[in-house]
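Shown next, in structure tokens, is the structure this report addresses.
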Amino acid sequence: MMILKYAAAALTAVFISTGCAMAQEGMADALRQPTLDSLAGKKVVFVPMSMSFDLPEGWAAIMEKEAKRLGYTLDIRDANWSTDTGTRALTQAITEKPDIIVVQNFDVASYARTLKKAEDSGIKVIQVNMKSSYQTDAFVGADWYGIGQYAANRMIEKCGKASGKSGKIAIVQGPATAAASVYQLNAITETLKGHDDIKIVSSQTGDWDQSKAHGIAQTVIQQNPDLCGIIGFWDVMDAGTGAAIQESGKDIYLITSGGGNKTACQGVQYGTFNEVISYDVEGQGRDLNNTIKVLLQSKEPAGSLKFALYTPNKFITKDSMSATSCWDLDQLKK
């Protein structure tokens, strides 16, 4: 009787294990094919400020690889540093009715009406790194307020009363109406409230121009021989700021921000910058691709979703820098 019980139990176990194996062999991922079908054949248009610098080049390289892998198209319309050209590119794209427009704004105002028109036409819009005053379906990019807040706190640490230094700092902004300038400046002002030991002796617009930033920094250093620190708003522009500091021979702490290209790490390594706050183009590219895929799969009409994916910052100094701190465009394209 006991032998029969063991035999029955063994036979039951065989049936169960065989059934599980058969179920596993026949199990299909019910979401996979509908997901792929929702992406294949779709069209995405990318309108950057210009394809002549590291940020759009990096985003485009990452987006192009994913588009190719999943079977949708990415069409790049270069604004070439002109808001008029960018507006025409967006207007033309609206007539073509792509599924998504990805746009890098010059400032908070220039594209606002055109972006609303795109959504009203049924086109979903993702803004990358530079916000417009008009909030579209999604924003992917830097947390400018958080960057400004961090930079101001570093100036308190490096130049405040406890440092024994003058407390005098300068700011080299981008264009006054650019989101990177508007939100960073607000954060710096708010963070420095109540810190009477920190004095902003100059806050000027470098307009993303390296030579202009160089001239601003040179003049401010001459006028303030005891200047302690400078907050710059973009590392490419602030190569000029750093050069002016090096030419002066003074110990002035320069903190700037950028997309984390290898030139940022080189700038820290060779002393052009003391610190770079990287908003990590590789991470932004991944977030852009994920946002594109979410919006292409979503059944909600354009303008219904309002969300943001703010990029976690990397802080690059000589002490923190590693082989993976910065990215290389040639590697991104592989």
Side-chain angles (χ1 to χ4, degrees), residues 39-107 110-112 114-119 121-132 134 136-142 174 178-180 208 234 236 258-263 279-296 302 309 311 327-334:
L39 303 175
K42 296 298 195 298
K43 182 175 181 178
V44 178
V45 171
F46 176 36
V47 183
M49 290 166 57
S50 171
M51 284 299 292
S52 64
F53 66 105
D54 60 339
L55 304 181
E57 286 183 314
W59 299 325
I62 295 168
M63 287 191 289
E64 281 174 335
K65 283 197 291 189
E66 192 73 340
K68 184 177 181 181
R69 184 177 77 87
L70 294 171
Y72 56 88
T73 62
L74 178 71
D75 187 4
I76 300 172
R77 313 284 176 87
D78 191 349
N80 196 26
W81 294 111
S82 166
T83 55
D84 289 340
T85 302
T87 301
R88 286 196 295 272
L90 287 169
T91 302
Q92 178 62 32
I94 290 169
T95 66
E96 297 169 11
K97 295 293 181 75
D99 298 280
I100 290 176
I101 292 175
V102 180
V103 60
Q104 181 190 18
N105 295 284
F106 283 91
D107 53 52
S110 294
Y111 290 161
T114 310
L115 298 184
K116 184 178 187 305
K117 183 179 178 181
E119 287 193 331
S121 301
I123 303 165
K124 296 176 180 179
V125 179
I126 303 168
Q127 299 178 50
V128 56
N129 227 42
M130 298 284 274
K131 280 185 174 181
S132 166
Y134 178 73
T136 56
D137 288 278
F139 170 78
V140 174
W208 308 138
W234 186 34
V236 175
N261 190 356
K262 64 180 181 180
T263 55
Y279 36 84
D280 185 20
V281 159
E282 287 186 286
Q284 289 180 329
R286 180 192 59 242
D287 289 346
L288 274 172
N289 281 335
N290 288 338
T291 302
I292 289 168
K293 288 180 284 189
V294 166
L295 291 180
L296 288 179
L309 298 179
T311 315
W327 54 274
D328 182 289
L329 183 61
D330 290 336
Q331 294 299 318
L332 287 189
K333 288 181 175 180
K334 287 183 178 179

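Residues satisfying the side-chain hydrogen bond (donor to acceptor under 3.5 Å, both in side chains) test with Lys116, not counting sequence neighbours, are Asp120. Checked against side-chain contact (heavy atoms from CB on, under 4.5 Å), Lys68 has no partners two or more places apart in sequence or in another chain. Applying the side-chain hydrogen bond (donor to acceptor under 3.5 Å, both in side chains) test to Thr311 and every residue at least two apart in sequence or in another chain returns Gln284. The side-chain contact (heavy atoms from CB on, under 4.5 Å) search around Lys262 returns Gln266, Asp328, not counting sequence neighbours. With sequence neighbours excluded, the residues forming a ring pair (Phe, Tyr, Trp, His ring centres under 6.0 Å) with Tyr279 are Trp144, listed by chain and number. Considering only residues two or more places apart in sequence or on other chains, Asn261 meets the side-chain hydrogen bond (donor to acceptor under 3.5 Å, both in side chains) condition with none of them. With sequence neighbours excluded, the residues satisfying side-chain contact (heavy atoms from CB on, under 4.5 Å) with Ala178 are Met130, Pro175, Ser181, Trp208. Under the side-chain hydrogen bond (donor to acceptor under 3.5 Å, both in side chains) criterion, Asp137 pairs with no residue, sequence neighbours left out. Qualifying side-chain contact (heavy atoms from CB on, under 4.5 Å) partners for Thr87, counting only residues two or more places apart in sequence or in other chains: Thr91, Tyr111, Thr114.
Once rounded to the nearest 0.5 Å, the distance linking CE of Met49 with CG of Leu55 reads 8.5 Å. One finds the CG atom of Leu115 at 6.0 Å from the CG atom of Leu90 (value rounded to the nearest 0.5 Å). To the nearest 0.5 angstrom, Lys42 atom NZ is 9.5 Å from Lys124 atom NZ. Note that CD of Gln104 and NZ of Lys131 are 15.0 Å apart. Values are rounded to the nearest 0.5 Å. Annotation: the span from Ile101 atom CD1 to Glu119 atom CD amounts to 9.5 Å, rounded to 0.5 Å. We find the CD1-OG1 distance between Ile123 and Thr95 to be 8.5 Å, quoted to the nearest 0.5 Å.
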Exercise for review: Please lay out, stage by stage, how Ile76 and Met51 fare under the test side chain to side chain contact (heavy atoms under 4.5 Å, CB included).
Suggested key: CA-CA 9 Å; Ile76 300 172; Met51 284 299 292; 3.9 Å; yes

Point to revise | Verdict with supporting geometry, Leu288 and Ile62, side chain to side chain contact (heavy atoms under 4.5 Å, CB included) | key: CA-CA 9 Å; Leu288 274 172; Ile62 295 168; over 6 Å; no

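Contact record, Ser132 with Asn105: N-ND2, 3.4 Å, taken as the closest heavy-atom pair. The minimum heavy-atom distance linking Ala89 with Val47 is given by the pair CB-CG1, 4.2 Å. The two residues Ile100 and Ile292 make their nearest non-hydrogen contact at CD1-O, 3.7 Å. Residues Asp78 and Ser50 approach most closely at OD1-CA, 3.1 Å, considering heavy atoms. Annotation for Thr83 and Ser110: closest pair CG2-OG, 3.9 Å, computed over non-hydrogen atoms. Residues Asn129 and Ala142 approach most closely at OD1-N, 2.9 Å, considering heavy atoms.
Legend: salt bridge (Lys or Arg N to Asp or Glu O under 4.0 Å) pairs involving residues 82-104, not counting sequence neighbours, sorted by first then second residue: Lys43-Glu96, Arg77-Glu96. Residue pairs that meet the salt bridge (Lys or Arg N to Asp or Glu O under 4.0 Å) test with at least one member in residues 44-66, sequence neighbours left out, are Glu66-Arg69, Glu66-Lys293. Sorted by first and then second residue, the ring-ring contact (aromatic ring centres under 6.0 Å, His included) pairs involving residues 43-82 (not counting sequence neighbours) are Phe53-Trp81, Phe53-Trp234.
Annotation: side chain of Val140 is not in contact with side chain of Gln127 (no heavy-atom distance under 4.5 Å).
Shown are Val44, Thr291, Val103, Asp287; of these, the side-chain contact (heavy atoms from CB on, under 4.5 Å) with Ile126 is made only by Thr291.
Checked by atom type and distance alone, the side chain of Ser82 never pairs as donor or acceptor with a backbone atom of Ala79 at under 3.5 Å.
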